[in-house]
Protein chains: 2
Amino acid sequence: MPSVLSSRDKILDVGESLFARRGYAGVGMREVAQLSGLGKSSLFHHFRGKGQLYAEVRIRTLKRIRDALAPFLTLETAPLEALEEGMCALIDSFAEHPTSARLLLRGLVEEEIFSGESPPELEEAEQILAELLDDLSELIERGVKAGELRAVAVPDTMQSLIGLVAYHFASGAMGERILGEALFSSSAVRRRKREVVNFIREGLRAPRSDRDEEREDPT
Amino acid sequence: MPSVLSSRDKILDVGESLFARRGYAGVGMREVAQLSGLGKSSLFHHFRGKGQLYAEVRIRTLKRIRDALAPFLTLETAPLEALEEGMCALIDSFAEHPTSARLLLRGLVEEEIFSGESPPELEEAEQILAELLDDLSELIERGVKAGELRAVAVPDTMQSLIGLVAYHFASGAMGERILGEALFSSSAVRRRKREVVNFIREGLRAPRSDRDEEREDPT
DNA sequence: TTCCGGATCGACCGGTCGGTCGGGTGATGC
DNA sequence: GCATCACCCGACCGACCGGTCGATCCGGAA
């Protein structure tokens, strides 16, 4: 690990910051080059093009998120506890890398980014994300079956969790206006973590005297 | 109300659809013109430029959201009930206008869209949004003080609600992958509404035997 | 010393961007 | 008949876009 970043890592850092703030179409390679302290041509030595740079940035952030979540997606912990601690770890990861949540949310919301064909690296990113979401789904599923969680619809609950957790760290100026505080100040992050975890626990756990109640299934 | 849309409305419709899908920077005026069935120059007869078109689109969608929510932001209903019914109405509005949630979320997440100065109309949009969020904050505040809601931190809960509700209708292909179903099919919308409202009710309401318990305040 | 290949750069390319301009067209009022 | 006006268009502009090319620099292996 060099104390000064390699040019490639520097480009990835700059790209991550810019793509998170302005989205794929809003970022120009000239700006990436300038903020990286390189000539524009040099970018194309390290990456095949803008599309690959974007894909590599997404892969890096998704791997960061996966690594933060992985310890809690095993079968060793009780589902509700694993869910709570996993979300805590996720929030810590978002707080440590302020661009992650935005980039994640962008990747989930954005569509039709590439006019022609998309770079092959993007599929790797999609796969990392898909596996992560599948593992998380499985965790919720286990929680419901074990009776720790309410009889929620698993896919919709997945979506709820994503929006609930990620948006907090992706909201921009309006979010700070609502909070009346910097989005990533340590006090704000601590409070947010408590509030989100409480929300999830109260919102999803099964009522106390609800051990072996059968689920409603009105399909 | 003419049965055929005026050119201005047609442009707004096309712009709304495109901006929601690809963001401000990802949309070109040529494309807006073509999909509107007009020459590019004609757009500049109805709007001062791309920036104003974007601002007008945002204003229109924000007003739609405000109108859907307004009936439940009065002081006449019990806060928790008003919150639940308001979120229901919001979801109905999102379902009716599939671009609204994306555009809302984009406006909240996006930053530094305009390189130069931003069009004055954007301030009107920001103000509509700010008022809406203030009213919603007040509703939650009342709910907490009335003891109907848990002793949550109001701003963070605001953020939670935004992410929780809006993301469901803004998620793209990956959202449909998770659901295994079209995002706006009537059955998916119905199920989602039930799940979200349940999540909010269970997550925010005060425990039954918790009438006049004092809040913890460990600051 | 020579050579080589990674890294960097400035100059340049075709194409697209938002926006302008001048003119055309068809209703409306006089 | 004529001026006015909203509306619409094709042609055009300078700026910027992503990307290419050939030259140069430089550290390490031979």
Side-chain angles (χ1 to χ4, degrees), chain A residues 1-19 21-58 110 112-122, chain B residues 1-58 106 110 112-122:
Chain A
M1 192 192 308
S3 67
V4 294
L5 264 47
S6 73
S7 285
R8 191 171 201 278
D9 288 337
K10 180 67 181 169
I11 296 169
L12 282 171
D13 285 351
V14 171
E16 181 172 329
S17 159
L18 289 179
F19 285 135
R21 287 214 295 274
R22 294 211 278 278
Y24 182 75
V27 176
M29 294 298 267
R30 282 164 178 81
E31 192 180 5
V32 176
Q34 193 176 349
L35 291 179
S36 303
L38 292 172
K40 182 169 70 77
S41 323
S42 302
L43 303 188
F44 294 89
H45 173 73
H46 296 280
F47 301 93
R48 213 179 314 110
K50 188 184 176 183
Q52 196 206 348
L53 172 57
Y54 177 73
E56 300 275 6
V57 165
R58 284 208 44 188
E110 222 115 356
E112 305 180 29
I113 298 191
F114 299 97
S115 46
E117 72 265 30
S118 49
E121 287 83 358
L122 252 191
Chain B
M1 189 192 311
S3 68
V4 294
L5 264 48
S6 72
S7 285
R8 193 171 200 277
D9 288 337
K10 179 66 182 171
I11 296 169
L12 282 170
D13 285 350
V14 170
E16 181 172 329
S17 159
L18 289 179
F19 284 135
R21 286 214 295 272
R22 295 210 277 277
Y24 182 76
V27 175
M29 293 299 266
R30 282 166 178 79
E31 193 180 3
V32 175
Q34 193 176 350
L35 291 179
S36 303
L38 293 173
K40 182 167 71 78
S41 323
S42 302
L43 304 188
F44 295 88
H45 173 75
H46 297 279
F47 301 93
R48 214 180 312 111
K50 186 183 176 184
Q52 195 206 348
L53 172 58
Y54 178 73
E56 300 275 8
V57 165
R58 283 207 45 190
R106 272 191 197 280
E110 222 117 354
E112 305 178 29
I113 297 191
F114 299 97
S115 46
E117 72 264 32
S118 49
E121 286 83 359
L122 252 192

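Letters A, B, ... are given to chains in the order of the sequence lines, protein chains preceding strands, and every chain is numbered from 1. In this text the structure is predicted, and so the values were computed from the model without any measurement.
- Distance CD1/Ile11(B) to CG/Leu43(B): 5.0 Å, rounded to 0.5 Å.
- In this structure, the side chain of Arg106(B) engages the main chain of Ala20(B) through a donor-acceptor pair within 3.5 Å.
- Pairs engaging residues 26-52 of chain B under the ring pair (Phe, Tyr, Trp, His ring centres under 6.0 Å) rule: none recorded [sequence neighbours left out].
- Note: Phe19(B) and Tyr54(B) have perpendicular aromatic rings, judged against thresholds of 30 and 60 degrees for the angle between ring planes.
- Atom CZ of Arg8(B) is separated from atom OG of Ser42(B) by 14.0 Å, given to the nearest 0.5 angstrom.
- Every residue was checked against the side-chain contact (heavy atoms from CB on, under 4.5 Å) condition with Gln34(B), not counting sequence neighbours, and none meets it.
- Note on Glu31(A) versus Arg22(A): salt bridge recorded, some NZ/NE/NH1/NH2 to OD/OE distance being below 4.0 Å.
- For the segment residues 21-40 of chain B, residues with any heavy atom less than 4.0 angstrom from an atom of DNA chain D are, sorted by number, Leu38(B), Gly39(B).
- Across all non-hydrogen atoms, the minimal contact from Val32(B) to Leu53(B) is CG1-CD2, 4.2 Å.
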Tell me which donor-acceptor pairs under 3.5 Å the side chains of residues 113-122 of chain A have, and how far apart each pair is, sequence neighbours excluded?
residue: Glu121(A); atom: OE2; partner: Arg48(A); partner atom: NH2; Å: 2.5
residue: Glu121(A); atom: OE2; partner: Gln52(A); partner atom: NE2; Å: 3.4

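- Along DNA chain D, read 5' to 3', the first and last nucleotides having any atom under 4.0 Å from a heavy atom of chain B are dA6(D) to dA11(D).
- A heavy atom closer than 4.0 Å to some atom of DNA chain D occurs in Ser41(B), Ser42(B), His45(B), His46(B), these being the qualifying members of residues 41-50 of chain B.
- Between the NZ atom of Lys10(A) and the CG atom of Leu38(A) there is a distance of 9.5 Å, given to the nearest 0.5 Å.
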